Amino acid sequence: MEMTTALWSFALVVGLLTLTPGLDTALILRTSALGHRRQAWGVVLGIQTGTLLWGALTSAGVTALLTASQLGYEILRWAGAAYLVWMGVGMLRSRANANANPEPEDAAAADTPAGGLAAGWRRGLLTNLLNPKVGVFYVAVLPQFIPAGAPHFAAGVALTCVHVVEGLLWSTVLVGFAQALRGWLRRPAARRAMDRVSGLAVVGFGVKLAVSD
C-alpha cells in the first residue's frame, strides 16, 4: 500500500467515525449553542489535541500497553467514567442553579464564560484522553494503514493528522449550526431541555464506559 492510498483509505474510515454522533458532538453543540463560542473552540482544539496524542503514542507503540495490560486499561476506563459522570452531573446542576439565578439576557455576557478557551481546551482534552476506547481503536486500526517500509512514527502521525483535519472541519459545521440556532436555544425552555439532554447524555456515556467490557 502506498502512502497516498493509505491516507485516502484512512480518511474514509475515520471520516465515518467523525460523522457518527457521540460525546464529542454533544459537548461541542452544547457549549456553542449556549453562546460560549471561544469555549466551544477550546473544546474542539482539546479533543483534537487528544486525538493527535493518541495517534503519536500509538505510532510510538506506547498505547499497545492498553491492550496488553488489563489493569492499565481498567484504571483509565474507570477514571474516564468517573470524569464523564462528574461532568454530566455538573451540567445538570448548572441548569438548576440557572433556574434559581436567571442569567442576564446580554449576549456579550453569555459569550464570555469563566475560563473561555483554556477551560474548553482542558475539558475537550480530558474527555478524549480519559477514553481508553480511543486508544484501543488506534492500536487496532492505525497500524493496518501504515505502508510497509514507511517510517512507522512519521507515517502514523501523518495519518492521525488526517483524522484531526476531518475533526476540525466537522466541528466547524457543528459550531456554525449551533450558532445559527443560538437565538432559539437562548429561550429558557430550550436551554433547560438542552442542558438536561446534554447532561443525561454525558452521564450515560460515563455509565456505558463503566459497564462495558
Side-chain angles (χ1 to χ4, degrees), residues 1-28 40-84 87 117-118 120-175 205-206 208-213:
M1 182 188 300
E2 296 182 356
M3 192 63 197
T4 302
T5 304
L7 289 171
W8 282 109
S9 301
F10 190 71
L12 177 61
V13 172
V14 295
L16 294 174
L17 178 66
T18 300
L19 294 175
T20 302
L23 177 60
D24 295 350
T25 302
L27 286 178
I28 294 169
W41 277 110
V43 171
V44 171
L45 295 176
I47 290 170
Q48 300 312 321
T49 300
T51 298
L52 188 59
L53 286 173
W54 277 121
L57 291 173
T58 301
S59 302
V62 175
T63 51
L65 295 174
L66 281 178
T67 58
S69 172
Q70 181 69 18
L71 177 61
Y73 181 87
E74 289 297 320
I75 291 174
L76 189 57
R77 181 168 69 92
W78 281 104
Y83 175 72
L84 291 179
M87 183 167 57
L117 187 72
W121 183 82
R122 287 193 299 271
R123 172 173 286 189
L125 180 65
L126 285 174
T127 300
N128 189 285
L129 291 182
L130 289 177
N131 186 354
K133 293 187 176 182
V134 179
V136 172
F137 168 81
Y138 265 88
V139 169
V141 175
L142 187 64
Q144 300 182 40
F145 289 89
I146 297 178
H152 197 276
F153 183 80
V157 171
L159 291 169
T160 305
C161 287
V162 172
H163 192 183
V164 170
V165 170
E166 290 184 341
L168 289 173
L169 292 175
W170 179 235
S171 297
T172 301
V173 174
L174 293 176
V175 171
F205 280 118
K208 181 180 178 181
L209 182 60
V211 301
S212 63
D213 185 359

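Worth saying up front: this structure is predicted, and the values here are computed from it rather than measured.
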If you look only at distance, which donor and acceptor atoms sit under 3.5 Å apart when one is on a side chain in residues 159-171 and the other is two or more places apart or in another chain?
from : atom 1 : to   : atom 2 : distance (Å)
T160 : OG1    : G156 : O      : 2.8
H163 : ND1    : Y138 : OH     : 2.6
E166 : OE1    : G15  : N      : 3.1
S171 : OG     : G167 : O      : 2.7

### Query
If you measure from OG1 on T49 to CG on L129, what distance do you get to the nearest 0.5 Å?
8.5 Å
### Task
Go through the structure and list residues passing side-chain contact (heavy atoms from CB on, under 4.5 Å) with T172, not counting sequence neighbours.
W41
### Query
So, does H152 use its side chain to make a donor-acceptor pair with the main chain of S59 at under 3.5 Å?
yes
### Query
Between the main-chain N or O of F137 and the side-chain N or O of W54, is there a donor-acceptor pair closer than 3.5 Å?
no
### Task
Return the minimal non-hydrogen interatomic distance between F145 and A6, and the atom names on each side.
O-CB, 3.0 Å
### pair L125-L53: side-chain heavy atoms closer than 4.5 Å
yes
### Query
If you measure from CZ on F153 to CG on L57, what distance do you get to the nearest 0.5 Å?
8.5 Å
### Task
Check side-chain contact (heavy atoms from CB on, under 4.5 Å) between A158 and all other residues, then give those that pass, not counting sequence neighbours.
M3
#### Entry: Given V157, V13, T58, V14, the one that forms side chain to side chain contact (heavy atoms under 4.5 Å, CB included) with L142
T58
### T51/V134 under side chain to side chain contact (heavy atoms under 4.5 Å, CB included): CA gap, chis, key distance, verdict
CA-CA 8 Å; T51 298; V134 179; 5.6 Å; no
### Query
CG/L45 to CG/L117 distance, rounded to the nearest 0.5 angstrom?
6.0 Å
#### Entry: Gap separating the CD1 atom of I47 from the OG1 atom of T25, nearest 0.5 angstrom
8.0 Å
